[in-house]
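Reading through the structure tokens given below for one structure.
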Amino acid sequence: MEKSKRSEQSFHIFRSKLRHFRKFNLQTKLIAIFLLMNLGTVAFLSMIAYFTASHTIEDKVYENIAITASQIAFSVNSSVASINRTMDYIFSNTELQTILTREEEPRDTEVDKKVKTIMDNYFVNMPELLSCVLSDIKGNLYFYRRNVSDKELIFKWIQQSLKNDGQIAWLGAYELSEMSVWTNHTLVVSRAMKNLTAKDVVTPIGTVTLFFSDRILESVYDYIGEETSLMVIDAQNRTISSSGNEARNRMILNYLNTQEEKIGAPFDIWLEGEKYMMASYAVPAAVWKVVETIPYQEINKNFRSIQSATGVTVVLIVGGTIVMSIFFSKKIVAPLLMLNREMKKVSVGNFNVYQFPRERLDEIGQIQRGFNEMVDRMQDLLHTTVEKEKEKQLAELTALQYQVNPHFLYNTLNSVRLMALMTKSQNIVSMLDSLIHLLRKSAGKCGTVVSLRDELETVNDFVNIHRIRYQYDIQILNDLSEEALECLVPCFLIQPLVENALFHGFSEKGGGTISFSGGCKDGVLTIVVADDGVGMSEKQVHEVMTAQHSERPAFVNVGIRNVDDRLKINYGPQFGLRLESKVKVGTKITVTMPVIRSQEGETLKDENHACR
């Protein structure tokens, strides 16, 4: 049950990590996938390479320790065999046999000199020989090179050699005070002498005992490393010569005393929790054996070098993989990111986008070519739509300008007639002048641009007619800069905005103030038309800005929405109207369009086709 719960928890954790991974961008995902694939492969191959190299090194160490131990055993055996041959020569020397069998008493110095002369023949070139003791059956001792004061020990060795019945006896290694200046351990070898000329060769006539420095085996240590322990031990597991850590050598001797002896191929042992490799080879000439021991810690140094090399290799591969992953992921993702950026431009109506090259033939290239074709089709469609809309609005304006609202003319002329009947007032003249000016301007221009100053004069005529007709107390304030007044604007740009103030803002109040302000800045003309009429609610503002164009054909009903559409179609979506209003406070309409001078206006006029 618990195992099932743990599995379920692991699955939920995996799903959570996967959901988190999905939030990454495409390049991060590609890099992560490349790294996982390459790191998995590198880790697998590195493990195989490491274990293969480790086993190879271990096999080589086994082989090397076997070769080294056998070579050392051979070298020790050669040195011992050489001494054994010298012992054979001494054993068969007739002069020495004569000295040992002589019956004269007491001994004289001549005999000592003769012994020295004989021994010089054998040992003059052997500095490792510390002393030689020749003894006869009567107990007389003849010393060569150095005396040995411990006579009791000498006679003990003599007795041991006599028991071997003429065979060479290597008696071991000893610490002799007389020899301590020249060596740490003294190797003692002895042999019983027999009279080879007598018929009875069984009875010994004396002994010869040689004392060698353990330096005679010094050359064998050239084969071994610092951490390797090498021991030459006799049949009783007593140390003849050794190198390395003394404490470790004692542990090795304890092991050899308690375990079955293995001669030949190397094998592994454990000493106080540490693993060692051991090899043991016999030295037949002295019934000794050479024991070589290497701690695995020393062997592992080679492993650590492999680990370091493997680690460096892995780091280099990982670094290269990361660089290559970033490089190739950028190659894949960069065109997609650029495509995404250009698509965002198109989504907001900006068709001034990068045209991707058509040389790329893969799937990304196909997407790029498809995007190019899509943008081209959308531009063509938009251009067609804009042209049709322009033609439609131009037709509407033309119709409006050439079709004066009969009701408007009737009401105006009726007002003039009544005023003329009732009183002889200057208002009649003013109203007629304004009407004439207004009709002349509306009939003379279609789809053109005019200066803002001329547009405001038309607005003044329009306001003057309404002021007289409805008896409104209307004030006009002009705070536009001279630079702004000289700019060109589409005809009938301001009149619909003023119409909104007259019919919606002042109808209940019977008058008010309309102000014009604004100027030019950074290539943008800003015109603010404000009134202090009754204002509108947010809902009414929304209806005004989203309502369909009025179907009434009069020039006074072009409409606010129509003005906004004309500006956006002609100059771009960043231009147009912004309407702000507050009930019982008033309304403010802000017009923005590019600054157009007279030469630019002529170009626009040609494009919109003036009609008369």
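These numbers come from the heavy atoms of this one structure, side chains and all, not from hydrogens, waters or symmetry mates. In this text the structure is predicted, and so the values were computed from the model without any measurement. Numbering of residues begins at 1 and proceeds along the displayed sequence.
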For this session: Mind running side-chain contact (heavy atoms from CB on, under 4.5 Å) on Asn77 and Trp288 for me, showing each step along the way?
Result: CA-CA 9 Å; Asn77 193 70; Trp288 292 346; over 6 Å; no
For this session: Check Val115, Asp136, Asn140 against Leu100 for a side-chain contact (heavy atoms from CB on, under 4.5 Å) and give me the one that passes.
Result: Asp136
Exercise. With distance as the sole criterion, is a donor-acceptor pair present between the side chains of Tyr122 and Asn93 under 3.5 Å?
Worked result: yes
Problem set entry | Polar side-chain atom of Arg145 near backbone of Leu129 as donor-acceptor pair, under 3.5 Å | yes
Problem set entry | Between OG1 on residue Thr239 and CZ on residue Arg250, distance to nearest 0.5 Å | 10.0 Å
Exercise. Should the pair Tyr144 and Phe123 be assigned to parallel (<30°), tilted (30 to 60°) or perpendicular (>60°) ring geometry?
Worked result: tilted
Exercise. Do Thr209 and Ile154 come within less than 4.5 Å of each other through their side chains, counting heavy atoms only?
Worked result: no
Exercise. Between the main-chain N or O of Ser92 and the side-chain N or O of Gln97, is there a donor-acceptor pair closer than 3.5 Å?
Worked result: no
Problem set entry | CD1-CZ distance between Ile90 and Arg85, expressed to the nearest 0.5 angstrom | 13.0 Å
Problem set entry | Under 3.5 Å donor-acceptor, Lys289 side chain and Asp234 backbone | no
For this session: Please check if the side chain of Asp120 supplies one atom and the backbone of Val124 the other of a donor-acceptor pair under 3.5 Å.
Result: no
Exercise. OG of Ser161 to CH2 of Trp170: how many Å apart, nearest 0.5 Å?
Worked result: 14.0 Å
For this session: Identify the residue among Leu256, Ile294, Ile65 that makes a side-chain contact (heavy atoms from CB on, under 4.5 Å) with Met278.
Result: Leu256
Problem set entry | Test side-chain contact (heavy atoms from CB on, under 4.5 Å) applied to Val208 and Phe91, step by step | CA-CA 8 Å; Val208 59; Phe91 180 81; over 6 Å; no
Exercise. About how many Å separate CZ of Phe211 and OH of Tyr174, when rounded to the nearest 0.5 Å?
Worked result: 10.0 Å
For this session: Spell out, as yes or no, whether a donor-acceptor pair under 3.5 Å connects the side chain of Thr117 to the backbone of Lys113.
Result: yes
For this session: Check for a donor-acceptor pair, side chain of Arg191 on one end and backbone N or O of Gly166 on the other, with a separation under 3.5 Å.
Result: yes
Problem set entry | side-chain contact (heavy atoms from CB on, under 4.5 Å) assessment of Leu96 paired with Met119 | CA-CA 10 Å; Leu96 288 177; Met119 292 303 177; 3.9 Å; yes
Problem set entry | Chi angles and distances behind the side-chain contact (heavy atoms from CB on, under 4.5 Å) call for Leu141, Ile158 | CA-CA 11 Å; Leu141 300 177; Ile158 290 173; 4.2 Å; yes
For this session: State which residue, out of Val290, Leu253, Asn237, fulfils the side-chain contact (heavy atoms from CB on, under 4.5 Å) condition with Met231.
Result: Leu253
Exercise. What distance separates Ser190 OG from Leu162 CG, expressed to the nearest 0.5 Å?
Worked result: 7.5 Å
Exercise. Measuring from Leu210:CG to Leu134:CG, what's the distance to the nearest 0.5 Å?
Worked result: 10.0 Å
Problem set entry | Donor-acceptor contact below 3.5 Å, side chain Ser82 vs main chain Ser78 | no
